[in-house]
Amino acid sequence: MSHDHDNMNTYLALEAVVVGDDPTTSRVVEIGCVEMHDDHPTGRSFHSYANPGRDLDVAALQAKGLSTEALADKPRFGDIAYGLICVIRDRPVLVLDAERVSAIEREMARVVEQLKPAGWSGEYRLDQVCELSVLSQIGQAMGQEDTSIEGFCKQYVLAAPQRAGGSLAVARFTGNLWQSMLPEYHKWQAKHS
């Protein structure tokens, strides 16, 4: 899917907090989306915690500043999925890396699977709902070797988001990172067009 990154003055920065390393058992436990205009948040956002519906590794949850008890009364991902889709549908959306995209797509696929729609392929793709751009992939295309948060912070002299700020802090970081990447992206794009 081709995107016009030059005309992306207003866009959404999306972050998912994922617990677990195994794609078959990991769960999105928090999701945050911040609307940005250039490098400024507009004040519009979407945020929710998600009850994973089962026990997750306690140490992994604690590393994210969460607990099973804190998530017990939160809605399941399926209960927030429609709201998320309404927010991102047909909008330019930035995500830090492909792992977060995959985690959200797996959660969405679980939701759709429960509905058993006719012709369901078993796959859910965010790029079919929104104009998705993955900053780690853009960074790699431009030749950046380390596209982790730490690598981006070093490359663009940015402060890392505070873990205590959760998904909204990382979403704001993602939007600010995009603004920092734009001058270099424009040069790269001019060379490769």
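Keep in mind that the numbers below use all heavy atoms, side chains included, and drop hydrogens, waters and symmetry copies.
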(message) Let me check something: do L71 and F46 share a hydrophobic cluster, defined by ILVMFWY side-chain heavy atoms less than 4.5 Å apart, either directly or through other members?
(response) no
(request) Check the hydrophobic clustering (I, L, V, M, F, W, Y; side-chain heavy atoms under 4.5 Å; chains of links allowed) and say if F173 and I138 are grouped together. (result) yes
(message) Would a single hydrophobic cluster contain both V18 and V95, if residues Ile, Leu, Val, Met, Phe, Trp and Tyr are joined by side-chain heavy-atom contacts under 4.5 Å?
(response) yes
(request) Determine whether L168 and Y49 fall in the same hydrophobic cluster, where Ile, Leu, Val, Met, Phe, Trp and Tyr are linked whenever their side-chain heavy atoms lie under 4.5 Å apart. (result) no
(message) If the test is side chain to side chain contact (heavy atoms under 4.5 Å, CB included), which one of L14, L126, D127, L96 qualifies with V101?
(response) L126
(message) So, applying side chain to side chain donor-acceptor pair (under 3.5 Å) with H37, which one of N9, T10, T42 is it?
(response) T10
(message) Any side-chain to backbone donor/acceptor pair from W188 onto A141? Under 3.5 Å, distance only.
(response) yes
(message) Looking at R76 and D79, is there a salt bridge between them, counting it only when a charged N and a carboxylate O are closer than 4.0 Å?
(response) no
(message) Please determine whether residues V28 and I80 belong to a single hydrophobic cluster, defined as Ile, Leu, Val, Met, Phe, Trp and Tyr linked transitively by side-chain heavy-atom distances below 4.5 Å.
(response) yes
(request) For the pair N51 (side chain) and A72 (backbone), establish whether a donor and an acceptor sit closer than 3.5 Å, ignoring hydrogens and angles. (result) yes
(message) Within the 4.5 Å heavy-atom criterion, are I31 and S167 side-chain neighbours or not?
(response) no
(request) Give a yes or no on whether the backbone of R100 and the side-chain of D97 come within a donor-acceptor separation of less than 3.5 Å. (result) yes
(request) Mind checking the OH-OG1 spacing from Y11 to T174? Nearest 0.5 Å is all I need. (result) 9.5 Å
Show every donor-acceptor pair shorter than 3.5 Å between a side-chain atom in residues 81-93 and any protein atom, with sequence neighbours excluded, or say none if there are none.
from	atom 1	to	atom 2	distance (Å)
R91	NH2	E35	OE2	2.7

(request) Starting at CG of L12, measure out to OG of S45 and round the result to the nearest 0.5 Å. (result) 10.5 Å
(message) So, using side-chain contact (heavy atoms from CB on, under 4.5 Å) as the criterion, who are the partners of Q137 when residues are at least two apart?
(response) A98, V134
(message) Whether E113 and R110 form a salt bridge (side-chain N of Lys/Arg under 4.0 Å from carboxylate O of Asp/Glu) is what I want to check.
(response) no
